[in-house]
Amino acid sequence: MKRQSVIAWLTISCGILLCAVTPFDGSHGQAQNPASQSGATAGIVPLSGEASGKHATQEPKSAGQKAAGQKLAEEQFKNIQVLKSIPADQLIPAMQFISASLGVDCDYCHDHQAMDSDDKKPKKVARQMITMMFDIDKNNFDGRLEVTCYSCHRGAAKPVSIPAIKDEEMTGPGEAGKKPVENAGLPKPEELLDKYLAAVGGAAAVEKITSRVQKGKLMAFGGQSFAAEVYSKAPDKRVSVMHLKDGDSVTAFDGQRGWLSVPGRPAHMMSASENESVLLDADLYFPVHVKTLYSKFKVASGEKIDEHDAYLVEGHEEGRPPLRLYFDTQTGLLLRMIRYAQSPLGLNPTQIDYADYREVNGVKVPFRWTVSRPGNCFTIQVEEMKQNVPVDDAKFAAPPPPAQQPGMSPPSAQKPPSPK
């Protein structure tokens, strides 16, 4: 795989790179406010009522909702014909959704040397398909995104129109290898969330952490490895740095907004949906706050995750993507989080699996996590962690706004080719 493809994928295409990492920064707080998230994707002083309420009541902007003063896609990018009137920062998430739904890279539709060019036929067909999809949803589902690109493509560039002959050995409509936990009676959501908080050490221990510095490595496809660092500061600042040969790749959140940078490219300021995800990751008090993040939770039998039985707790609220949390039935620790980032074409999923829990300053922290998205995944292994150490606020400072881009940036939605 070309080095630049690796870099692009690990930074922008993956969404929130290292910020999607730990789910409980306070001992590693991955807080979902919700998001994702992609989501993906983590010390501590007690929060004031105002700060706590921010996480509990903040309403996210839905995809396609334009903030005051924000540019539209057609104002920032060239030759936008179908996805007009959406916020400019929602164009790349839409491209990511198409890439994941069809299992293709940017160059399937675009010429990397002239992203606005219409020379490739698949780009013209894509416009027709998006228009058709919007019409189906408008005329049959009151405009809700019930039918999306993935409904027909299922990861293939060309949809299958002939039913497949089912193999007798197939496991059925569920995913192979996933065994539900068999329980006659399920606990209440609040019981599982309380057990989780107790399992990591309790609120008092979590809230004693004011900062965290983690150092380790990121392991990706083909056995490649990069040195990585994550700096967190209460209540919700976070910056992740991946050290590459050509420079540092950075993902950061300053408490209000997030940004990503990759060597040789202008910084990418996060969209509203991406900010939701990084705010979740930056919350150092996730185990304490989790019960306030959604108005409604429900419990279902989960599945085996790395040989551990799990309960599934789902957070639901009108107008927001759901949040799925898998807790170990024995220890109560969080094993998996699945979150979703809104795009104009559908939800982009992010799955984060947590492992290698260790106690640090009275709080159990996952020292390993794996971030998975359609078509790619990577693992972070922490080798050194220090808490309650000074972290300069300058580390979280956002760069100057990037100049207007002449065309869509190729790496932002790029899915890497398979390793060779």
Side-chain angles (χ1 to χ4, degrees), residues 18-33 41-49 51-52 55-56 187 189-216 228-240 253 255 279-293 305-306 308 310-311 313 325-337 352-370 380-392 395:
L18 303 185
C19 281
V21 292
T22 25
F24 358 89
D25 253 308
S27 105
H28 276 41
Q30 172 126 320
Q32 166 123 8
N33 179 9
T41 46
I44 305 183
V45 236
L47 284 181
S48 66
S52 178
H55 289 272
E190 56 269 24
E191 294 175 357
L192 293 175
L193 298 178
D194 286 342
K195 184 177 180 180
Y196 164 50
L197 177 57
V200 299
V206 167
E207 292 173 346
K208 286 180 181 177
I209 310 302
T210 59
S211 66
R212 175 175 297 105
V213 176
Q214 301 162 277
K215 296 183 180 181
E229 299 172 359
V230 182
Y231 298 87
S232 304
K233 188 172 183 178
D236 51 16
K237 293 181 179 180
R238 184 185 183 92
V239 60
S240 306
F253 188 71
L279 177 57
L280 166 66
D281 301 326
D283 186 355
L284 297 180
Y285 318 100
F286 179 74
V288 179
H289 291 162
V290 61
K291 289 200 294 187
T292 69
L293 298 180
I305 298 175
D306 195 22
H308 294 267
Y311 292 121
V313 177
L325 304 170
Y326 294 81
F327 295 102
D328 190 310
T329 59
Q330 299 300 315
T331 67
L333 294 170
L334 182 60
L335 299 177
R336 173 176 293 169
M337 172 189 288
I352 311 170
D353 290 336
Y354 307 101
D356 192 11
Y357 278 85
R358 307 180 196 177
E359 186 172 321
V360 182
N361 299 114
V363 179
K364 286 191 176 178
V365 178
F367 270 56
R368 183 173 67 253
W369 54 87
T370 298
I380 302 292
Q381 179 67 55
V382 175
E383 298 172 336
E384 176 188 349
M385 189 180 84
K386 296 180 180 180
Q387 300 188 130
N388 298 330
V389 294
V391 178
D392 192 343
K395 281 189 173 293

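On a predicted model such as this, the values are computed, not experimentally measured, just so you know.
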Could you walk me through whether V288 and E207 pass the side chain to side chain contact (heavy atoms under 4.5 Å, CB included) check?
CA-CA 9 Å; V288 179; E207 292 173 346; 3.6 Å; yes

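- No donor-acceptor distance shorter than 3.5 angstrom exists from the side chain of Y311 to the backbone of P189, with no hydrogens or angles considered.
- Side-chain contact between Y354 and L333: absent, with no pair of heavy atoms (C-beta onward) separated by less than 4.5 Å.
- Taking all atoms of both residues into account, the shortest heavy-atom contact from A310 to I305 is CB-CD1, 4.3 Å.
- When all heavy atoms of L284 and S232 are compared, the closest pair comes out as CD2-CB, 3.6 Å.
- Salt bridge R238/D236: absent, no basic N to carboxylate O contact under 4.0 Å.
- Taking the side chain as every heavy atom from C-beta outward, K291 and D194 approach each other to under 4.5 Å.
- Heavy atoms only, all atoms of each residue included: V363 and V206 are closest at CG2-N, 3.9 Å.
- Between the side chain of K195 and the main chain of T329, a donor-acceptor pair closer than 3.5 Å is present.
- Between Y231 and V389, the closest side-chain pair of non-hydrogen atoms is not below 4.5 Å.
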Run the numbers on T331 and Y357 for side chain to side chain contact (heavy atoms under 4.5 Å, CB included), then give the verdict.
CA-CA 11 Å; T331 67; Y357 278 85; over 6 Å; no

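- When all heavy atoms of G362 and A205 are compared, the pair lying nearest together is O-CB, 3.8 Å.
- Between K233 and D392 there is no salt bridge, since no side-chain N of the basic residue sits under 4.0 Å from a carboxylate O of the acidic one.
- Under the side-chain hydrogen bond (donor to acceptor under 3.5 Å, both in side chains) criterion, D306 pairs with no residue at all, not counting sequence neighbours.
- From Q214, atom CD reaches atom CD of E384 across 10.5 Å, with rounding to the nearest 0.5 Å.
- The closest side-chain heavy-atom distance from W369 to V382 is below 4.5 Å.
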Kindly determine whether F327 and L193 satisfy side chain to side chain contact (heavy atoms under 4.5 Å, CB included), including the steps that lead there.
CA-CA 9 Å; F327 295 102; L193 298 178; 3.8 Å; yes

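- The shortest distance between side-chain heavy atoms of L192 and L325 does not fall below 4.5 Å.
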Candidate pair Q381 and D356, rule side chain to side chain contact (heavy atoms under 4.5 Å, CB included), full reasoning
CA-CA 9 Å; Q381 179 67 55; D356 192 11; 3.1 Å; yes

